[in-house]
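Read through the structure below, which is laid out as structure tokens, and then see the notes.
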Amino acid sequence: LTDIANEQAIKTFAVNLKPLLMQPPIKDMVTLGFDPAFRTGCKLAVVDGTGKVLDTSVIYPTAPHNKTEESRAKLNALIKKYNIELISIGNGTASRESEQFVAETIKGTPVQYMIVNEAGASVYSASKLAANEFPQFDVSLRSAVSIARRLQDPLAELVKIDPKSIGVGQYQHDMP
């Protein structure tokens, strides 16, 4: 029975993983990665159409800080400075509040946003690979870069993460 359950868990993982990896890339757009959070602030990373990091920042639009107008001004300044076309918002903690903030901020502009699955972003951010790729950034800013790049080229970004951390299966991390 355990072998049958293990096989089914791996099959479920494969079925769930395929559409995630096969998402079409959104290339050649300046994208802002928005890693939502409450207490530690929302981390931002601006990446060009090739995934190169242009700028990073932290804003505090959510509770407990509620620096909404200051955060809005900083976000608008980044949008204007880099001609940001797309905002990629992680779906973790404070995602709904961040989505509301972003939607209100970009209302009436050509800027669009999407929610992306951020499963494994923190694992990647703390990895040796991420530290080598971005030694100048702390773990939280690396996560914002990963969130931006997941929208630009999901496959290229997700292959950097241990499959056990992608979060699309049934206890696949317990498989022998």
Side-chain angles (χ1 to χ4, degrees), residues 17 20-62 65 67 70-99 101-102 105-106 111-168 172-173:
L17 182 62
L20 192 63
L21 295 177
M22 299 310 293
Q23 290 178 74
I26 299 175
K27 298 268 187 190
D28 303 322
M29 292 183 84
V30 179
T31 305
L32 180 123
F34 195 110
D35 187 7
F38 287 115
R39 186 182 51 78
T40 58
C42 299
K43 277 61 78 183
L44 310 177
V46 180
V47 297
D48 70 9
T50 66
K52 178 183 171 197
V53 180
L54 303 175
D55 205 341
T56 61
S57 190
V58 180
I59 58 175
Y60 301 89
T62 58
H65 304 284
K67 296 181 179 178
E70 178 184 319
S71 298
R72 194 176 317 283
K74 196 178 251 187
L75 180 57
N76 279 325
L78 287 171
I79 290 170
K80 186 177 180 179
K81 180 176 181 181
Y82 295 103
N83 196 23
I84 293 169
E85 302 166 86
L86 191 57
I87 299 175
S88 177
I89 304 172
N91 68 344
T93 303
S95 180
R96 289 183 184 192
E97 295 81 357
S98 296
E99 179 184 8
F101 166 76
V102 168
T105 302
I106 65 173
V111 180
Q112 297 179 329
Y113 74 89
M114 286 185 82
I115 307 295
V116 298
N117 184 345
E118 67 176 46
S122 59
V123 172
Y124 162 74
S125 301
S127 72
K128 195 175 252 186
L129 175 64
N132 289 338
E133 191 174 3
F134 301 110
Q136 71 277 29
F137 299 143
D138 71 8
V139 172
S140 61
L141 291 174
R142 291 179 200 148
S143 184
V145 172
S146 180
I147 288 169
R149 288 176 166 182
R150 281 175 187 221
L151 190 56
Q152 290 183 325
D153 194 349
L155 181 59
E157 200 59 24
L158 289 171
V159 297
K160 299 176 186 177
I161 301 167
D162 182 343
K164 295 177 182 180
S165 301
I166 294 178
V168 294
Q172 75 279 355
H173 51 276

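Scope of the values below: all heavy atoms of this structure, side chains included, with no hydrogens, waters or symmetry mates. Since the model is a prediction, treat every value here as computed from it, not as a measurement.
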Using the side chain to side chain donor-acceptor pair (under 3.5 Å) criterion, which residues pair with Glu99? Sequence neighbours excluded.
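Checked Glu99 against side chain to side chain donor-acceptor pair (under 3.5 Å); matches are Tyr113.
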Mind checking whether His65 and Tyr60 have parallel, tilted or perpendicular rings, split at 30° and 60°?
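If you compare the ring of His65 with that of Tyr60, the planes turn out perpendicular.
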Under a 3.5 Å distance rule, please check whether [X] uses its side chain to pair with a backbone N or O of [Y] as donor and acceptor.
| X | Y | value |
| --- | --- | --- |
| Arg142 | Phe134 | yes |
| Arg150 | Asn117 | yes |
| Asn76 | Ile79 | no |
| Gln23 | Leu20 | yes |
| Asn91 | Glu118 | yes |

[X] side, atom [atom1]; [Y] side, atom [atom2] - distance, nearest 0.5 Å:
| X | Y | atom1 | atom2 | answer |
| --- | --- | --- | --- | --- |
| Ser122 | Ile161 | OG | CD1 | 8.5 Å |
| Asp138 | Lys43 | CG | NZ | 8.5 Å |
| Asp55 | Lys81 | CG | NZ | 5.0 Å |
| Leu129 | Tyr124 | CG | OH | 5.0 Å |

Might you point out which heavy atoms bring [X] and [Y] nearest each other, and give the distance in Å?
| X | Y | result |
| --- | --- | --- |
| Ser143 | Ala121 | OG-CB, 3.7 Å |
| Ser57 | Leu141 | O-CD2, 3.8 Å |
| Ala148 | Leu32 | CB-C, 4.2 Å |
| Val111 | Ile106 | O-CD1, 3.3 Å |
| Glu85 | Asp28 | OE2-O, 4.1 Å |
| Cys42 | Pro36 | SG-CA, 3.9 Å |

Heavy-atom distance under 4.5 Å between the side chains of [X] and [Y], does that happen here?
| X | Y | answer |
| --- | --- | --- |
| Ser95 | Ile89 | yes |
| Thr93 | Phe38 | yes |
| Ile87 | Gln112 | no |
| Asp153 | Leu155 | yes |
| Thr56 | Leu44 | no |
| Val53 | Phe137 | yes |
| Val58 | Lys74 | no |

Should Ile26 and Gln152 be marked as a side-chain contact (heavy atoms from CB on, under 4.5 Å) after you check the CA-CA gap, both sets of side-chain angles, and the distance that decides it?
CA-CA 4 Å; Ile26 299 175; Gln152 290 183 325; 5.6 Å; no
Please report the C-alpha distance between Phe34 and Val102 in whole Å, then the side-chain angles of each, then the deciding distance to 0.1 Å, and finally whether the side-chain contact (heavy atoms from CB on, under 4.5 Å) criterion is met.
CA-CA 9 Å; Phe34 195 110; Val102 168; 3.7 Å; yes
Can you tell me which residue among Val47, Val46, Asp48, Thr31 is in a side-chain contact (heavy atoms from CB on, under 4.5 Å) with Tyr82?
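Answer to the side-chain contact (heavy atoms from CB on, under 4.5 Å) test with Tyr82 among Val47, Val46, Asp48, Thr31: Val46.
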The single option from Met114, Glu157, Met29 passing side-chain contact (heavy atoms from CB on, under 4.5 Å) against Leu151
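The passing option is Met114.
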Ion pair check, Glu133 and Lys160, cut-off under 4.0 Å
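Here Glu133 pairs with Lys160 in a salt bridge, since their nearest N and O are under 4.0 Å apart.
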Taking atom types as modelled and ignoring hydrogens, do the side chains of Glu97 and Thr62 form a donor-acceptor contact shorter than 3.5 angstrom?
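No - no donor-acceptor pair under 3.5 Å links their side chains.
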